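The structure under discussion appears below in the form of structure tokens.
Convention: sequence-line order gives letters A, B, ...; per-chain numbering from 1. Keep in mind that what you see is a predicted model, and the values were worked out from it rather than measured.
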Number of protein chains: 2
Amino acid sequence: MNKKIADLNRYLADKGLKITRQREAVAQVFFDTDGHISAEELYIKVSRSYPGVGLTTVYRTLKLLKEAGLAKERRFAEDSQGVFEKEDTARHHDHLICTRCGKIIEFKEPLIEKLQEEVAQKHGFSVEDHKMELYGLCSSCRTA
Amino acid sequence: MNKKIADLNRYLADKGLKITRQREAVAQVFFDTDGHISAEELYIKVSRSYPGVGLTTVYRTLKLLKEAGLAKERRFAEDSQGVFEKEDTARHHDHLICTRCGKIIEFKEPLIEKLQEEVAQKHGFSVEDHKMELYGLCSSCRTA
DNA sequence: CAATAATTGAAATTGATTATCATGTTCTCT
DNA sequence: AGAGAACATGATAATCAATTTCAATTATTG
Ligand SMILES: [Mn+2]
Ligand SMILES: [Mn+2]
Ligand SMILES: [Zn+2]
Ligand SMILES: [Zn+2]
């Protein structure tokens, strides 16, 4: 569990940045959170265990976590707020989103990823990242 | 070409909305535009042929065009402004985006779309729409 | 033409995110 | 441990696309 904090600290040291109480607080709460969380929500959550940490610092720490490859920002349609989740290259996934109830299912489809590579190659591109979201109705919402 | 204007007018009539000079101006210029255009850019373009049309009305008309199924809004990563393009269910496509020079290539891959359907079904979802964007380097930017 | 409801555009507002800046903290070197 | 340099913090202000407000104008219906 503290491996990720160690990863962050290594990243900070490499960049000549500093390890602070606030950064560790934000990172710890973030790493203990599953699923998708907005900066604002994370700020609330952090404030419970570590009052006094500012929202600005939460934004800044999330940006650092992204740069360090430890967090990924998602921006689902119609949501004006971005959400963050733990990043782990081994656990890459895409999303299925119910447009009625907001339910989100994560999935991985290696065959699609392979075809994406092929399409890109066909146009002379090398893929660095991709975004795929499927929007529709979940089974509960369809029958309701 | 005026078929699309007719489509819009039909949509407006059905909804009890009104056909106005401004809406026709915005729609006409939009339909004459290929590729992706922001509300702001469209506003500039409209202003040349039909001065006096407000930016607010451009935003409002684009929203109507989306509702009528005649326009689609895209929100590519790193762009803070949304862009719009003509919608045509027969000509659905996804995007390849160069993260260095911004070049955008449109493509269609039926096999991927089929797999998307299958993944959704496997989770009990019915797909209404999807978003797929591949980010990477185009051939020019890779060799440079 | 008159009545009604919708539309318009300027200006104000919103809401998420980022920039500023004075003050506080961390790290490095002695 | 102490000093100094660089970085971090957080309250506040700024940004910026997009939406809301509202009084004045216009389209539609009969
Ligand atoms: Mn996820
Ligand atoms: Mn396109
Ligand atoms: Zn649902
Ligand atoms: Zn390029």
Side-chain angles (χ1 to χ4, degrees), chain A residues 5 8-30 36-44 46-47 49-68 71-84, chain B residues 5-6 8-30 36-47 49-68 71-84:
Chain A
I5 294 288
L8 173 60
N9 289 346
R10 193 171 315 118
Y11 175 83
L12 294 174
D14 280 1
K15 294 279 178 183
L17 305 177
K18 293 170 180 168
I19 296 170
T20 68
R21 253 187 302 299
Q22 292 92 331
R23 281 174 180 167
E24 248 185 71
V26 173
Q28 191 58 256
V29 174
F30 175 70
H36 309 114
I37 190 169
S38 69
E40 197 86 36
E41 289 165 341
L42 183 57
Y43 167 67
I44 304 287
V46 169
S47 297
S49 344
Y50 309 87
V53 174
L55 176 57
T56 311
T57 295
V58 172
Y59 271 105
R60 286 192 280 228
T61 304
L62 283 168
K63 181 185 278 189
L64 284 173
L65 289 170
K66 282 198 295 181
E67 289 165 15
K72 189 153 178 67
E73 184 169 8
R74 307 279 186 180
R75 204 164 278 276
F76 300 127
E78 93 257 353
D79 276 350
S80 54
Q81 242 178 352
V83 293
F84 300 80
Chain B
I5 293 288
L8 173 60
N9 289 346
R10 195 172 314 119
Y11 175 83
L12 293 173
D14 280 0
K15 294 279 179 182
L17 304 177
K18 293 171 179 168
I19 296 169
T20 67
R21 253 189 303 299
Q22 292 93 329
R23 281 176 179 165
E24 248 185 72
V26 173
Q28 191 57 255
V29 174
F30 175 70
H36 310 115
I37 189 169
S38 70
E40 197 85 35
E41 289 164 343
L42 183 56
Y43 166 66
I44 304 288
K45 215 172 164 192
V46 168
S47 297
S49 345
Y50 309 88
V53 174
L55 176 57
T56 310
T57 295
V58 173
Y59 272 106
R60 287 191 280 228
T61 303
L62 283 168
K63 179 184 276 190
L64 284 173
L65 289 170
K66 282 198 295 181
E67 289 165 15
K72 189 153 180 66
E73 184 170 6
R74 307 279 187 181
R75 204 164 279 277
F76 299 127
E78 93 258 352
D79 275 350
S80 54
Q81 245 178 353
V83 293
F84 301 80

Who passes side chain to side chain donor-acceptor pair (under 3.5 Å) against B:Glu41, sequence neighbours left out?
B:Ser38
At what distance, to the nearest 0.5 angstrom, does CD1 of B:Ile37 lie from CZ of B:Phe30?
8.0 Å
Those residues that, when tested against B:Tyr50, pass ring pair (Phe, Tyr, Trp, His ring centres under 6.0 Å) (two or more places apart):
none
Closest contact, heavy atoms only, A:Ala39 versus A:Leu55
O-CD1, 4.0 Å
At a heavy-atom distance below 4.0 Å, what parts of residues 15-25 of chain A sit against DNA chain D?
A:Gly16, A:Leu17, A:Lys18, A:Thr20, A:Gln22, A:Arg23
What distance do A:Arg75 atom CZ and B:Arg75 atom CZ have between them, rounded to the nearest 0.5 Å?
9.0 Å
Without placing hydrogens or testing angles, list every side-chain donor-acceptor pair under 3.5 Å for residues 8-25 of chain B, not counting sequence neighbours.
unit_1  : atom_1 : unit_2  : atom_2 : d
B:Arg10 : NH1    : B:Asp7  : OD1    : 3.1
B:Tyr11 : OH     : B:Glu67 : OE1    : 3.1
B:Thr20 : OG1    : B:Arg23 : N      : 3.1
B:Arg23 : NH1    : B:Lys18 : O      : 2.8

Enumerate all atom pairs, one protein N or O and one N or O from nucleotides 17-20 of chain D, separated by less than 3.5 Å.
unit_1 : atom_1 : unit_2  : atom_2 : d
D:dA18 : OP1    : B:Arg75 : NH2    : 3.1
D:dA18 : OP1    : B:Gly82 : N      : 3.1
D:dA18 : OP2    : B:Tyr59 : OH     : 2.6

Shoot me the first and last contacting nucleotide of DNA chain C against chain A, ordered 5' to 3', at under 4.0 angstrom to non-hydrogen atoms.
C:dA16 to C:dC27
Bend angle of the helix from C:dC1-D:dG30 to C:dT30-D:dA1, from helix axes over five pairs at each end, nearest 10°
30°
Do B:Glu40 and B:Gln81 touch side chain to side chain, with heavy atoms closer than 4.5 Å?
yes
With sequence neighbours left out, what residues match B:Lys63 under side chain to side chain donor-acceptor pair (under 3.5 Å)?
none
Residues that B:Lys66 engages under side chain to side chain donor-acceptor pair (under 3.5 Å), provided they are two or more places apart:
B:Glu73
Heavy-atom nearest pair, B:Ile5 first then B:Ala27, reads CD1-CB, 3.8 Å
Value in whole Å for how far the P atom of D:dA27 lies from CG of B:Leu8
15 Å
Closest heavy-atom contact between B:Val46 and B:Val26?
CG2-CA, 4.0 Å
Report the residues that fulfil side chain to side chain contact (heavy atoms under 4.5 Å, CB included) with A:Arg60, sequence neighbours left out, ordered by chain and then residue number.
A:Thr56, A:Thr57
